[in-house]
Amino acid sequence: MQKVIFAVTDVRDQENHELVHFEDKQMHWKEGFHVPKILYEVDHILACGCLKTHQHNGVFTMALKLAVGIIPREGTDYMRQLHDSDAMRKMIAEINLAYRPDMYIIDGVDAFVSGGPGRSHALLQGPRGR
């Protein structure tokens, strides 16, 4: 049996991660954005999220919305740019151009079906919903 060694890194803890700039002139981001450099240094990326709606878009963004968590919040106006833009959906998709997860795992056992993610109505299908 082959032994697998891995480490879990929460990229939201960006104080401990060096950032790199990502920009593409065709994007809706004014001057691009920064992402953790570690995303380009690891062998594999596994992105995990839960099935929920987005309060500003009201749609199921599936794994696309996960990428918003890789851009820093402190010391930037990224969230203001994102939430003030009519192109919010496109900007969320554009963040995904900055990295390439090898696999996405979406937990849909309990799904947030409206209002999410802060105040949402959950459709409970797992052990709590039975």
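Computed from a predicted structure; not experimentally measured.
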### Message
Could you go through Q81 and T76, starting from their C-alpha distance and side-chain angles, then the distance that decides it, and tell me whether this counts as side-chain contact (heavy atoms from CB on, under 4.5 Å)?
### Response
CA-CA 9 Å; Q81 281 186 58; T76 73; over 6 Å; no
### Task
To the nearest 0.5 Å, tell me how far I38 CD1 sits from E18 CD.
11.0 Å
### Message
Between R73 and V68, is the side-chain contact (heavy atoms from CB on, under 4.5 Å) condition met? List the steps.
### Response
CA-CA 10 Å; R73 291 186 174 36; V68 175; 3.6 Å; yes
### Message
According to side chain to side chain donor-acceptor pair (under 3.5 Å), does anything in residues 32-47 pair up with another residue at least two apart or in another chain? List the pairs.
### Response
H34-Y78
### Task
Grab the two heavy atoms, one from L64 and one from A93, that are nearest each other, plus how far apart they are.
CD2-CA, 4.3 Å
#### Entry: Check: I92 main-chain N/O paired with H28 side-chain donor or acceptor under 3.5 Å
no
#### Entry: side-chain contact (heavy atoms from CB on, under 4.5 Å) between I105 and M103, worked out
CA-CA 7 Å; I105 296 177; M103 180 183 290; 4.2 Å; yes
### Heavy-atom pair of closest approach, residues L66 and C48
CD2-O, 3.3 Å
### Summary
Separation between CD1 (I95) and CZ (F22), nearest 0.5 Å, reads 10.5 Å
### Query
Considering only heavy atoms from C-beta outward, does the side chain of L46 approach that of P101 to under 4.5 Å?
no
### Task
Apply side-chain contact (heavy atoms from CB on, under 4.5 Å) to the pair W29 and I71, showing each step before the final yes or no.
CA-CA 12 Å; W29 293 89; I71 60 175; 3.9 Å; yes
### Query
In terms of hydrophobic clustering (I, L, V, M, F, W, Y; side-chain heavy atoms under 4.5 Å; direct or indirect links), are L97 and M88 co-clustered?
yes
### Query
Is there side-chain contact between H21 and V35, with heavy atoms separated by less than 4.5 Å?
no
### Task
Report the distance from atom CD of E23 to atom CD of E31, rounding to the nearest 0.5 Å.
7.0 Å
### Message
How about CG on D102, more than 12 heavy atoms from neighbouring residues, nucleotides or ligands closer than 6.0 Å, or not?
### Response
yes
### Task
With the side chain counted from C-beta on, respond yes when F33 and M27 share a heavy-atom pair under 4.5 Å apart, and no when they do not.
yes
### Task
Output the distance between atom CG (L39) and atom CD1 (I45), rounded to the nearest 0.5 Å.
4.5 Å
### Message
Distance check, rounded to the nearest 0.5 Å: R89 atom CZ versus L82 atom CG?
### Response
12.5 Å
### Query
Roughly how far, to the nearest 0.5 Å, is the CE atom of M91 from the CG atom of D84?
9.0 Å
